[in-house]
Amino acid sequence: MRREMFTESDFSAEPDAPAAAPPPELPRPELSQYERAAETPTPLVTAKTADKKLIQRLDPMERMKVAELAKWALLIGIGGLLMWLKAILWSAFQTTKASGLKVGYSLIPIGAILGAFLATAILRSLAAKKATQGKQSTYKAVDAIRDWAVTGVVTGVLATFMLLIARAVLPASFATERSAPFYISRFIAIGIAAIIGLFVSRRLAVRGDSVMAGGNFGLVQLLPQAALVALFTLPLEDFVHGIVSGWPFMTWATGIPALIGFGWAGSTLAWAWKADQKLRFLQGGKQGKDSRYVATGGEALEMNFTVIGGRESGKTVLLAGAYKEWQENTAERYGVIVKPVDITPVNYEQLDESQKRFYLDRNLDYLSDLIYTYNQWPPSTQGMREFKFDVYVRLRKGEQPTKVARINLLDYPGSLLVTSDHSAEAHRKYWNRIADSDGILFVGDISALRRGVQEEGLNDVHSAFRAAMDVLIDGKTDRKMGVNIEGRIEGNGKNRVIPVGMVMTKCDECVELSSGLPNHVQMDNLIYGERRVRDKNDVNSSLLRYSGPYGILQEWEEKCRATGPGFADVEIFKTTAITASRPANGPDGNPDLSRKFEMISPQDTSPTNCATPLLWLTARALRWNVTTFTELKRWLLGSTDTTAQRHLDAIRHIEKVVELWQTAIEERRSTEK
Ligand SMILES: Nc1nc2c(ncn2[C@@H]2O[C@H](COP(=O)(O)OP(=O)(O)OP(=O)(O)O)[C@@H](O)[C@H]2O)c(=O)[nH]1
Ligand SMILES: [Mg+2]
């Protein structure tokens, strides 16, 4: 079935589709050797089971939750300090006659904060539809309070100064408490200050979409809002004044929590900022390039993924299968859209054959057509090539999808890992790339495992897996992989989590021939492999190590616990690029189970689960790589909607889609059969 070579004419001419012969009745395979092990395998310490403290330290999304609390603490601290300030001013003004009035001045900011709150609430409810037209408002309470506080403090400070100046220059009658000129002058002073206060808060709020701005509605809102703030400030000020002077201990009750709040918020921010700096360094800084990092804020995060697998393990076909699944829009239905970046130049037709070949090799459209329309396997990969995809997420119906990630995915000849006929330069490039990966897919060829072929390369592939683990965590390895692997300046060590997916390819070969259903027992037994007691010298050791791909994940998890982040973020995927297949015929002309399986016919050929590992990796790598504090100003003054929140929602959304998608595939498969 496999045709090593193909020519351009394969595409112009109609392919001669093989007649879809019904698969012959085959004897049930002898499965006893694969019967499921009685013992449950030793569970790994994964991101799901790891200590909560570890996760909090390493998961930027968890850090962000803590940081949001810090934002509250900061705001409450500022509020408390203002009240305290009032007490200090109170005693300072005790000696003067008009103490009540002056104390009132010291409360203007608090009155203005409450005034801004009421003004926004009233205007928003009056014109809510207009203000939020077309966009969902998801401002967080903490950001709204921050905006009111900014308006209130600026308004209060300005108004206080204006009133003090007015008192000095205007006739004494002005200062008579609760007289008409008193109210009018205060209204004017606070009104003007509120316009400036609102304007300042709008300018400070990143991208101008804070609660105060109200989108296009902003300018219209400014004047009535300022008038309302001025109107509300006086009674609210009196109200707070009443509380504070009625209960003098309130000054302490606000002062002490304010200081505690500031202290806690400060140290939390420093902790999170430091963790983010380390992450940022590991994302790109390690190789001296500072460009490939992202702080949450709507820009797509550029990530490097690398597939590690031996010769003919199914790396390229897996990608073509993933592309096919994306094309069929299974993902679009769930709001995740993957768009390959097409690098084909406009003058493609004028290129010579070898140049054309270069671009065709990098075109997933072409590779997937080859399999799904023309029933041919792609030729084995000759050189390193990078496929680029953009991942978009649409969180709500009718909304423009947001680009959340650019994925650079490296495909290369598997022979690079098992033979020495590649240049030292190719090896060097490859290992540097491993060191610079944000996520890894180990490829396990279930066909080779099923047929029990110890392909010459299997040990070399395992060595390559192990060398990659060393390089990712420690930045160096003692293994010679055809080249002395240069260490990075620093491995990810305990500071960054690298998600690893174990992708089992060619799972169509584990099938119950009589029913045509996938044989999961057989698959699982191949994935776990032989059981071995971990430490033969320790008779008490009941820990089991497995010889199959699961054993590799056990080693990765051990490595993560020894010198890495403390747990492994791993997942196993069972995939097939063709779903329906049958064993190749033996010399006697009958299907021979000890051989590789072949495609049946184009109309029956479709991938199953090929896209999920990549989507999973995208969600997980996004999760471990977003940073909050590289842009402190944005975090403090930006609205959560456009910055972190959108990114975080996207991560959760993709994670959910991976789950849904896998269930949908299972369901589709069971109804088809
Ligand atoms: N039955 C079955 N066979 C598959 C599947 N995927 C790949 N194969 C077989 O495995 C062969 C190798 O697949 P590739 O994707 O080219 O393998 P690769 O890992 O990219 O190999 P190199 O490029 O040489 O490193 C194909 O030619 C098929 O014969 C699958 O899903 N099912
Ligand atoms: Mg390949």
Ring pair (Phe, Tyr, Trp, His ring centres under 6.0 Å) against F389, all qualifying residues, sequence neighbours excluded: W326
Atom [atom1] of [X] and atom [atom2] of [Y]: how far apart are they, to the nearest 0.5 Å?
{"X": "S185", "Y": "L163", "atom1": "OG", "atom2": "CG", "value": "6.0 Å"}
{"X": "K278", "Y": "R496", "atom1": "NZ", "atom2": "CZ", "value": "14.0 Å"}
{"X": "L615", "Y": "I654", "atom1": "CG", "atom2": "CD1", "value": "7.0 Å"}
{"X": "L114", "Y": "T233", "atom1": "CG", "atom2": "OG1", "value": "8.5 Å"}
{"X": "R406", "Y": "K388", "atom1": "CZ", "atom2": "NZ", "value": "6.0 Å"}
{"X": "F305", "Y": "N408", "atom1": "CZ", "atom2": "CG", "value": "9.5 Å"}

I440 and I498: CA distance, side-chain angles, deciding distance, side chain to side chain contact (heavy atoms under 4.5 Å, CB included) verdict: CA-CA 7 Å; I440 297 283; I498 302 290; 4.2 Å; yes
Would you say [X] and [Y] make side-chain contact, with heavy atoms under 4.5 Å?
{"X": "N495", "Y": "L279", "answer": "no"}
{"X": "L228", "Y": "L118", "answer": "no"}
{"X": "L622", "Y": "V404", "answer": "yes"}
{"X": "W624", "Y": "P565", "answer": "no"}
{"X": "F117", "Y": "I113", "answer": "no"}
{"X": "I145", "Y": "W72", "answer": "yes"}

Salt bridge (charged side-chain N to carboxylate O under 4.0 Å, His left out) partners of residues 614-626, not counting sequence neighbours, each pair once: D59-R623, D569-R620, R620-E655, R623-E655
Exercise: identify the closest heavy-atom pair between [X] and [Y]:
{"X": "L198", "Y": "A226", "value": "CD1-N, 3.8 Å"}
{"X": "A159", "Y": "I190", "value": "CB-CG1, 3.9 Å"}
{"X": "A47", "Y": "I55", "value": "O-CD1, 3.3 Å"}
{"X": "G197", "Y": "T155", "value": "CA-OG1, 3.9 Å"}
{"X": "A322", "Y": "A611", "value": "CB-CA, 3.8 Å"}
{"X": "L54", "Y": "F567", "value": "CD1-CD2, 4.0 Å"}

D390/V338 under side chain to side chain contact (heavy atoms under 4.5 Å, CB included): CA gap, chis, key distance, verdict: CA-CA 6 Å; D390 289 330; V338 187; over 6 Å; no
Apply side-chain contact (heavy atoms from CB on, under 4.5 Å) to [X] and list each qualifying residue two or more places apart in sequence or on a separate chain.
{"X": "K339", "answer": "I337, Y392"}
{"X": "A265", "answer": "A70, A73, L74"}
{"X": "I188", "answer": "I184, I192"}
{"X": "T46", "answer": "L44, K48, T49, V570"}

Okay, side chain of [X], backbone of [Y]: is any donor-acceptor separation there less than 3.5 Å?
{"X": "N492", "Y": "L472", "answer": "yes"}
{"X": "N304", "Y": "D436", "answer": "yes"}
{"X": "E557", "Y": "A568", "answer": "no"}

Steps toward side chain to side chain contact (heavy atoms under 4.5 Å, CB included) verdict (I78, F262): CA-CA 8 Å; I78 292 171; F262 269 121; 3.7 Å; yes
Residue pair R394, H653: steps toward the side chain to side chain contact (heavy atoms under 4.5 Å, CB included) verdict: CA-CA 9 Å; R394 184 175 43 224; H653 187 80; over 6 Å; no
Identified side-chain contact (heavy atoms from CB on, under 4.5 Å) counterpart of F232 within the set L234, V229, L236: L236
Residues R433, E386; criterion salt bridge (Lys or Arg N to Asp or Glu O under 4.0 Å); working and verdict: CA-CA 11 Å; R433 168 53 184 249; E386 192 151 60; 2.2 Å; yes
F199 atom CZ, neighbour heavy-atom count above 12 within 6.0 Å: no
